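To start, the structure itself, in structure tokens.
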Amino acid sequence: MNGRKFFFFDIDGTLTTPLTNDYPDSTREAIKELQDNGHFVAIATGRMQADAWEVAKALGICAAVSDGGNALTIHGELIYDEGLPLEDCIRTLSEIDSERFPFAVCPENKKMRVATSDLYLSRVKDRYYETVVDPSFDFRKVDTIHKIFVACTKDDLPEIPLHTLPHVWFRKDNMLIEPVHKERGIFEVMKRYHLTDEDVVVFGDGMNDRSMFRDEWFSIAMGNAKPQLKEKAKYITKRADDDGIYYACKKFGWI
């Protein structure tokens, strides 16, 4: 597998360790050596663009496919940044039983979500995003919705009117409605750099990485990846907290 490659790394559980969310020194070294050797390194994450780009800058990475494929940044230039289908979001939020399944909405490109009451915070444990409680907030009047957090469990899923909207599980008690087509951003990079399928390498660990684990691309699952993702992978490396990225890059001669 010689020649210049274009790498796309998921963040959580791939670039970071599963439990501590640290970036291992070996991962930082692998990223540096990849770029020193002329390879293109990008993030491919479900995180919001503003969040993902901060990670990219901290790690010295030049590009980020973010918001599950709905945003792309290359060398600091925001190529595009779009929200979820707005009409579908409004339909879902209008029909959901907000007393049983309180929700919070991300209307801006920042780590902030808005809830109309304290119910959401009383039901969920995570504090990853700042949650603003604003009783006057009207989701029908916003221009963009990037993500929706819903306090529910998988057993509740039949009662959530998702319609066409994709979802992942942020926590066992917290569903996240967000884009899950990371491959969209990769295709845009391929078009801009006139790439072939053989040029693309993807790393991931979670179910929201499935769309970029395509047969035509070289996909690497972390040792801590979900079993379903490992089944789709071309190669399974060591765990993220056991130098998995460095190990795979060394094995295939990229560093």
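Numbers here simply count residues along the sequence, with the first being 1. Everything quoted here is computed from the prediction, not taken from an experiment.
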- Item | Step-by-step side chain to side chain contact (heavy atoms under 4.5 Å, CB included) determination, Ile79 to Arg192 | CA-CA 11 Å; Ile79 308 302; Arg192 287 173 174 269; 3.0 Å; yes
- Stepwise side chain to side chain contact (heavy atoms under 4.5 Å, CB included) check, Arg171 with Val124: CA-CA 9 Å; Arg171 298 284 190 273; Val124 299; over 6 Å; no
- Give the C-alpha distance, both sets of side-chain angles, the deciding distance and a yes or no for side chain to side chain contact (heavy atoms under 4.5 Å, CB included) between Val114 and Tyr120. CA-CA 10 Å; Val114 184; Tyr120 178 79; over 6 Å; no
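Atom CG of Asp134 is surrounded by more than 12 heavy atoms from other residues, nucleotides or ligands within 6.0 Å. Within a 6.0 Å radius of NZ in Lys111, other residues, nucleotides and ligands contribute more than 12 heavy atoms. Counting non-hydrogen atoms of neighbouring residues, nucleotides and ligands closer than 6.0 angstrom, the CG atom of Asp36 exceeds 12 such neighbours. Few gaps surround CD on Glu216; more than 12 heavy atoms of other groups in view lie less than 6.0 Å from it. The environment of Lys32 atom NZ is sparse: at most 12 non-hydrogen atoms of other residues, nucleotides or ligands sit within 6.0 angstrom.
The two residues Phe213 and Ser219 make their nearest non-hydrogen contact at CD2-CB, 3.5 Å. When all heavy atoms of Glu178 and Lys147 are compared, the closest pair comes out as OE1-NZ, 2.6 Å.
In this structure, His146 and Asp81 have side chains that are in contact, with non-hydrogen atoms separated by less than 4.5 Å. Between Glu108 and Thr144, every side-chain heavy-atom pair lies at or beyond the 4.5 Å cut-off. Taking 4.5 Å as the limit, every side-chain heavy atom of Thr17 sits out of range of all side-chain heavy atoms of Arg239. In this structure, the side chains of Lys172 and Thr153 stay at 4.5 Å or more apart for every pair of heavy atoms. Contact annotation: the side chain of Arg47 never approaches that of Ser66 to less than 4.5 Å [non-hydrogen atoms, C-beta and beyond]. Leu157 has its side chain out of reach of Cys152: every pair of non-hydrogen atoms, C-beta onward, lies at least 4.5 Å apart. Within the 4.5 Å cutoff, no side-chain heavy atoms of Val142 are placed close to those of Val105. Using a 4.5 Å cut-off on side-chain heavy atoms (C-beta onward), Ile96 and Ile160 make contact.
Of the residues listed (Tyr246, Tyr247, Phe218, Phe203), the one engaging Phe252 in a ring-ring contact (aromatic ring centres under 6.0 Å, His included) is Phe218, and it is the only one. Applying side-chain hydrogen bond (donor to acceptor under 3.5 Å, both in side chains) to Ser211 and the options Glu183, His181, Arg184 leaves one that passes, Glu183.
Ring-plane geometry between Phe7 and Phe9 is classed as parallel, the angle between the planes falling under 30 degrees on a 0 to 90 degree scale with a further cut at 60. Between Phe40 and Phe8, the ring planes are tilted. Angles from 30° to 60° get that label.
When hydrophobic clusters are built by joining Ile, Leu, Val, Met, Phe, Trp and Tyr residues whose side-chain heavy atoms come closer than 4.5 Å, directly or via intermediates, Leu72 is grouped together with Tyr193. Linking ILVMFWY side-chain heavy atoms closer than 4.5 Å, directly or via other members, places Phe149 and Met48 in a single hydrophobic cluster. Leu93 and Val150 fall within the same hydrophobic cluster, defined by Ile, Leu, Val, Met, Phe, Trp and Tyr side-chain heavy atoms under 4.5 Å apart, directly or through other members.
We find that Lys182 and Asp10 are joined by a salt bridge, their nearest charged nitrogen and carboxylate oxygen being less than 4.0 Å apart.
Rounded to the nearest 0.5 angstrom, Ile11 CD1 and Asp51 CG are separated by 6.5 Å.
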